[in-house]
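Every chain is numbered from 1 and lettered A, B, ... according to where its sequence line falls, protein lines coming before strand lines.
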2 protein chains.
Amino acid sequence: MEKGIKRRNTQQRKVILDILRSTNTHPTADWIYEKARQYIPNISLGTVYRNLKILKDEGLIIELNDGKQSRFDGRVDRHFHFKCLSCNRIFDIETTDVVSINEEKLKEEGYHITGYEISFTGLCSHCQQEKN
Amino acid sequence: MEKGIKRRNTQQRKVILDILRSTNTHPTADWIYEKARQYIPNISLGTVYRNLKILKDEGLIIELNDGKQSRFDGRVDRHFHFKCLSCNRIFDIETTDVVSINEEKLKEEGYHITGYEISFTGLCSHCQQEKN
DNA sequence: GTATATGCAAACAATTTGCACGCCT
DNA sequence: AGGCGTGCAAATTGTTTGCATATAC
């Protein structure tokens, strides 16, 4: 939040960011914690949460709302998500031009839109096959 | 979940649904609980949660994800939401034709889309004025 | 009458925080 | 050396659940 904080580059934060950048599974804090323990055995869950918040504030990761649990994404370029209703996994959608928003209409209604989020739901290709 | 359950029409459930249908503020469970106590003073928070789940299963209300808290909406026709980043209130967007999705592209990528959710963010008209 | 719904309180799950110590810079 | 970051555990917050009783049908 504050501007004047001098951040230190800690091992913990580096490891957490690396973990998030090397997966596309949109993991939970707990999953990241377990993974991080492979590199820093005595890292604490509180530290994971604190660093996730910092990384998010710095714009290096994104926080996703998945029910009451947060999930995290190391990919920060504009992209959409797809959640499979069968296996509950979240996938990245690679195509970027799947959505178009009529900003004029929204402005007419009095809203100053600065952003939006879309999440698609359905069946992933793996679960589609399983249904047969 | 089960099909064969015979539901009873309880006062509690009726009051909760009425409350949700007479507001457009997308309240939390706790807000609904406080409001419901005006009509049924000894209603419990657990009952509010249980009935919200039932009403949602029956398609009479919608559950919204707002951070780690759930919010509820008695309006079930297709509509989008706008969240003001300043006052954190959630508004209904009345225009329905603000978004178009290219379903073909999505199908090509292997996803069988059955639904999607959009939420817009920005400044509501009230907070826009306050910034001056 | 009978089984579903309730109130209450305890249990849970995800996340946050206070504190003394550790380790970047 | 100084102060931000850490580990640990306890605290908080939002939600769920077990149980005995109440009530809709």
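- Comparing the helix axis at one end of the helix from dG1(C)-dC25(D) to dT25(C)-dA1(D) with that at the other, each defined from 5 consecutive pairs, gives an inter-axis angle of 40° (nearest 10°).
- Considering only side-chain N and O atoms, Asn9(B) lies nowhere under 4.0 angstrom from the phosphate OP1 or OP2 of dT23(D).
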Listing time: all N or O pairs from protein to nucleotides 17-21 of chain D that are below 3.5 Å?
{"residue": "dG18(D)", "atom": "O6", "partner": "Arg50(B)", "partner atom": "NH1", "Å": "3.3"}

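- Phosphate contact (OP1/OP2 of dT6(D), side-chain N/O of Thr10(A), threshold under 4.0 Å): present.
- More than 12 heavy atoms of other residues, nucleotides or ligands shown are found within 6.0 angstrom of CD on Glu109(A).
- Between Gln69(B) and Gln11(B), the residue whose closest nucleotide on DNA chain D is further toward the 5' end is Gln69(B).
- Two residues, Val48(B) and Phe72(A), neighbour DNA chain C, and the one matched to the more 5' nucleotide by heavy-atom proximity is Val48(B).
- The phosphate of dT15(C) has OP1 or OP2 within less than 4.0 Å of a side-chain N or O from Ser70(A).
- The phosphate of dC8(C) has neither OP1 nor OP2 within less than 4.0 Å of any side-chain N or O from Asn42(B).
- The phosphate of dG14(D) (OP1 or OP2) has no side-chain N or O of Thr28(B) nearer than 4.0 angstrom.
- Between Leu123(A) and Thr114(B) there is no side-chain heavy-atom pair separated by less than 4.5 Å.
- Residue Lys68(B) places none of its side-chain N or O atoms closer than 4.0 Å to OP1 or OP2 of dT15(D).
- Arg8(B) has no side-chain polar atom (N or O) that falls below the 4.0 Å cut-off from OP1 or OP2 of dT23(D).
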